[in-house]
Amino acid sequence: VTSEISELANNKLKLKQFLEKEWLPTIDGIYTNKSEIIEEYFNKNEHYFFKDPLGVSGYWFWSNQKNSLKEILAWYKWKDLIIEQVIEKEDSPSIQFCIYGGSNKKAIIFGFTDQILEWGQHYMGNESPSRYHHHKNISEEFIRQSEIIINYLINIGYVWFGGIDFMVSTNKEIYATEVNA
């Protein structure tokens with residue numbers, strides 16, 4: 001896999017745009033490279049995350065309740081940021097997969113785990129199996145969304161192992177949040 005394909009496969013903004021195009025669930029928010037829009041969302045009463053599309057493991061996320069506007073503006077450097085309203089989450093499961101083959105690529109999902117996150121944000125590891133493994137409707141939704149995302153990765157030329165991270169809201173909505181390819 002080229003570095004360009006790897007970067008594209010790991011890009012949270014490209015994933016969010018794909019999810020929107022496919023009518024898959026997304027967390028309310030926008031993406032922008034305009035400092036005045038970043039400031040507008042920073043000044044809202046609701047809690048927002050400001051995410052670098054290539055940040056990993058919970059790093060390169062800023063918050064309008066934990067960071068200053070000056071910190072966020074210093075780091076974003078006029079590139080697109082994803083701004084999403086913070087939702088109450090119950091857990092952060094992950095699907096592990098492998099894409100393989102030549103011109104006729106195939107994929108296999110081989111893991112369904114729960115992430116261990118320090119302070120609910122920074123990746124520390126996984127526990128297996130996921131606590132949702134035996135919840136038929138919920139586990140089927142993880143697989144459904146994962147298959148669509150894996151097809152997206154095949155179409156951009158990604159081959160190898162990866163993981164798709166999700167969030168489950170307190171009202172059981174399931175959101176894909178990133179691909180670790």
Side-chain angles (χ1 to χ4, degrees), residues 9-32 37-67 72 80-97 107 109-153 162-181:
N10 285 288
N11 189 308
K12 290 177 193 62
L13 177 56
K14 298 295 184 195
L15 175 64
K16 186 170 180 83
Q17 291 168 335
F18 171 76
L19 297 173
E20 290 171 345
K21 184 177 139 250
E22 294 296 316
W23 297 95
L24 289 170
T26 59
I27 299 169
D28 288 339
I30 65 163
Y31 27 93
T32 187
I37 295 174
I38 293 169
E39 185 173 355
E40 174 189 333
Y41 276 85
F42 180 85
N43 289 321
K44 290 184 181 255
N45 291 328
E46 298 85 13
H47 191 186
Y48 283 91
F49 275 137
F50 300 77
K51 300 192 237 179
D52 184 310
L54 293 174
V56 296
S57 298
Y59 294 94
W60 301 101
F61 283 32
W62 303 276
S63 160
N64 65 333
Q65 294 186 1
K66 295 179 183 174
N67 301 98
I72 296 168
D80 282 325
L81 283 184
I82 301 166
I83 303 172
E84 292 177 332
Q85 190 164 10
V86 175
I87 64 168
E88 291 296 320
K89 71 177 177 177
E90 182 176 282
D91 214 340
S92 297
S94 181
I95 293 284
Q96 292 75 43
F97 65 89
I109 294 172
F110 62 85
F112 183 22
T113 62
D114 291 327
Q115 296 183 82
I116 303 166
L117 301 174
E118 181 181 45
W119 302 310
Q121 183 176 347
H122 301 287
Y123 179 76
M124 303 292 289
N126 289 57
E127 293 180 313
S128 179
S130 170
R131 68 185 189 146
Y132 300 103
H133 180 73
H134 296 291
H135 297 275
K136 187 176 187 299
N137 292 342
I138 293 175
S139 62
E140 286 176 355
E141 180 61 13
F142 282 111
I143 299 301
R144 183 187 79 81
Q145 289 188 35
S146 295
E147 288 174 341
I148 294 168
I149 293 166
I150 289 168
N151 281 325
Y152 160 73
L153 295 169
I164 304 168
D165 294 346
F166 291 90
M167 279 196 312
V168 178
S169 70
T170 53
N171 60 356
K172 303 290 192 251
E173 293 170 317
I174 298 168
Y175 301 99
T177 59
E178 72 177 299
V179 171
N180 295 301

Rounded at 0.5 Å granularity, tell me how far CD1 in I82 sits from CD1 in I30.
11.0 Å
Show the numbers, then the answer: is there a salt bridge (charged side-chain N to carboxylate O under 4.0 Å, His left out) between E90 and R131?
CA-CA 11 Å; E90 182 176 282; R131 68 185 189 146; 3.3 Å; yes
Quick one: CD1 on I116 to OH on Y123, what's the gap to the nearest 0.5 Å?
7.5 Å
Hey, does K44 have a side-chain heavy atom less than 4.5 Å from the side chain of Q85?
no
To the nearest 0.5 angstrom, please state how far the CD1 atom of I150 sits from the CG atom of L153.
7.0 Å
State, yes or no, whether a side-chain contact exists between Y41 and T32 at a heavy-atom distance under 4.5 Å.
no
A side-chain contact here means heavy atoms from C-beta on lying under 4.5 Å apart; do Y31 and Q17 qualify?
yes
Rounded to the nearest 0.5 Å, how far does CG of L24 lie from CD1 of I149?
6.5 Å
Give the minimum heavy-atom separation between S130 and D114, together with the two atoms involved.
OG-OD1, 2.8 Å
Identify the heavy atoms of T113 and Q96 that sit nearest to each other, and give their distance.
OG1-NE2, 3.0 Å
Note: P93 and Q115 closest approach over all heavy atoms is O-NE2, 3.7 Å
Under 6.0 Å from the ring centre and within 45 degrees of the ring axis: does the NZ or CZ of K21 meet both conditions for the six-membered ring of F18?
no
Report the C-alpha distance between E140 and R144 in whole Å, list the side-chain angles of each, state the deciding distance to 0.1 Å, and finish with yes or no for salt bridge (charged side-chain N to carboxylate O under 4.0 Å, His left out).
CA-CA 6 Å; E140 286 176 355; R144 183 187 79 81; over 6 Å; no
Please find the pair of heavy atoms, one from T177 and one from F166, that lie closest to each other, and give the distance.
OG1-N, 4.0 Å
Which atom of Y132 lies closest to which atom of S139, heavy atoms considered:
O-CB, 3.7 Å
Interatomic distance, OG1@T26 vs CD@E84, rounded to 0.5 Å, equals 7.5 Å
For the CG atom on D28, are there more than 12 heavy atoms of other groups (residues, nucleotides or ligands in this structure) within a distance under 6.0 Å?
no
Could you report the tightest heavy-atom contact between F50 and I72, atom names first, then the distance?
CD1-CD1, 3.8 Å
Could you give the distance from CD1 (I164) to OG (S94), rounded to the nearest 0.5 Å?
8.0 Å
